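Working notes, beginning with the structure itself.
Here the structure is a predicted model, which is why all the values come from computation and not from measurement. Quick note on labels: first sequence line is chain A, next is B, and so on, each numbered from 1.
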Protein chains: 2
Amino acid sequence: MNSKNLFSERSRRKRLSQQLISLRSLVPNITKMDKRSVLVDALAYLKSIHEETARLQAELEEKMTDAPQEEKVAEALEGRRTVVKGSGNKKSRHKSQILEIDTEKIEDRRFVVKMTCRGGSGVGGEVLRAVESLGFDITYTSLDQIKPQHVLITIFVRIRKPGRMTEEKLKDCITSSAIRSGLTLHNP
Amino acid sequence: MNSKNLFSERSRRKRLSQQLISLRSLVPNITKMDKRSVLVDALAYLKSIHEETARLQAELEEKMTDAPQEEKVAEALEGRRTVVKGSGNKKSRHKSQILEIDTEKIEDRRFVVKMTCRGGSGVGGEVLRAVESLGFDITYTSLDQIKPQHVLITIFVRIRKPGRMTEEKLKDCITSSAIRSGLTLHNP
DNA sequence: TCCTACACGTGACTC
DNA sequence: TGAGTCACGTGTAGG
């Protein structure tokens, strides 16, 4: 009868508002308990924290470029360290870009991601970090330098929830995460 | 009459769902267009990005207070890496650690580095970034999840200058770079 | 047919 | 007396 629909509709509303409540609990600076305001505040907070992350990442990147190179470390470990730090060695980073990305479903919850990337030393870590930040289960990864500045990355991914993920969606996920991480796309 | 309330209620619903849509547009990894799933995903994303920010902040903070860098490295290499700072022990946030590291020389300028690491999602990127920051030429890398939270990383490295690098020195280079990047050592 | 998710109009409640 | 928000039950469209 209608009573079934009534129940399910009730529980649906309940779950929805409960989700909204738990969302509200995670967002600071909640001005109003108002339903819509929660969404607005959540959106604003998301945007702000997004900027913050980008800022931190940039700052950290800058610090990273001051990391001692191969010889410096070797010398330091030999005892004759001539550590001269502080001089602004600003490399033009962020040259890493994704040339191509392809996803393939191999079984219900398992995918293979193949991407060719261009960039100097560091491109592997950047790409891997971008993919790992999505929280998927990564069972195997290989990075193959096919020629100077060019790396072929193969990633085996297992999705947590079955059935929901498609090849295209996974590709989009990784792409947007990469862009968020500062990588660029090379669209042919 | 009721017609006024009707209109305002319509516009209210409209604004609400519009807010939901704009929230959805900001959240990646959208599994379903489903109304409630948007909230769930937004919540998950918020949580993940929150962790990421905290992690970055911690990392950056560590970089900032990096005056006794050589000491930290030396101590870690000696195995007596106890908590140096008397104040807060922020190390608990970083769970990624190197369980074992082994280097092998295969020819004059080529080495194989094998390391088993422990840590959640993100350990691969961290380790890889640490190694890549040394500026070596990395020809091939594989990351194999041997069991949950445990990754076996194999890296093929080519050194620029021949003759000056030893297995032990390379191991030290990578170890200290890893420590500098915030990873910890598990010394048996 | 059943089930799910949705938008709708309406009554109730608060400021 | 409104103007705003909310929860409710219902009709309906897609799977």
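- Atom NZ of Lys14(B) is separated from atom P of dG9(C) by 13 Å (rounded to the nearest Å).
- Out of dC6(C), dG9(D), dC6(D), the shortest distance to the side chain of Asp34(A) is found at dC6(D).
- Between Phe7(A) atom CZ and dT10(D) atom C1' the separation is 16 Å, expressed in whole Å.
- In this structure, CZ of Arg15(B) is placed 16 Å from C1' of dA7(C), rounded to the nearest angstrom.
- Arg36(A) comes within 4.0 angstrom of nothing in the nucleic acid, heavy atoms only.
- Here the side chain of Leu6(B) is nearest to one of dC8(D), dG9(C), dA5(C), namely dG9(C).
- Contact annotation: side chain of Glu9(B) to base of dC8(C), donor-acceptor pair absent below 3.5 Å.
- Taking atom CG on Leu20(B) and atom P on dC6(C), their separation rounds to 9 Å, with Å as the unit.
- Summarising the geometry, the separation between CZ on Arg13(B) and C1' on dG9(C) is reported as 7 Å, rounded to the nearest angstrom.
- Nucleotide dA7(C) holds its C1' atom 8 Å from the NZ atom of Lys35(B), rounded to whole Å.
- Leu39(B) places its CG atom 13 Å from the P atom of dA5(C), with the value rounded to the nearest Å.
- Closest-nucleotide positions on DNA chain C for Ser17(B) and Ser8(A) were compared, and the one nearer the 5' end corresponds to Ser8(A).
- Here the side chain of Arg10(A) is nearest to one of dG9(D), dC6(C), dC8(C), namely dG9(D).
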As a quick check of understanding, evaluate salt bridge (charged side-chain N to carboxylate O under 4.0 Å, His left out) for Arg12(A) and Glu9(A), giving each step before the final call. CA-CA 5 Å; Arg12(A) 173 185 167 266; Glu9(A) 177 64 12; 3.2 Å; yes

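- Remark: C1' of dC8(C) and CG of Leu16(B) are 14 Å apart, rounded to the nearest angstrom.
- Between Val131(A) and Val113(A) there is no side-chain heavy-atom pair separated by less than 4.5 Å.
- Residues Ser177(A) and Ser133(A) have side chains that bring a donor and an acceptor to within less than 3.5 angstrom of each other.
- With hydrogens and angles disregarded, no donor-acceptor distance shorter than 3.5 Å links the side chain of Glu126(A) to the backbone of Ser181(A).
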Name each donor-acceptor pair under 3.5 Å that joins a side chain in residues 99-112 of chain A to protein atoms two or more places apart or in another chain, with its distance.
{"residue": "Thr103(A)", "atom": "OG1", "partner": "Glu167(A)", "partner atom": "O", "Å": "2.8"}
{"residue": "Arg109(A)", "atom": "NE", "partner": "Ile159(A)", "partner atom": "O", "Å": "2.9"}

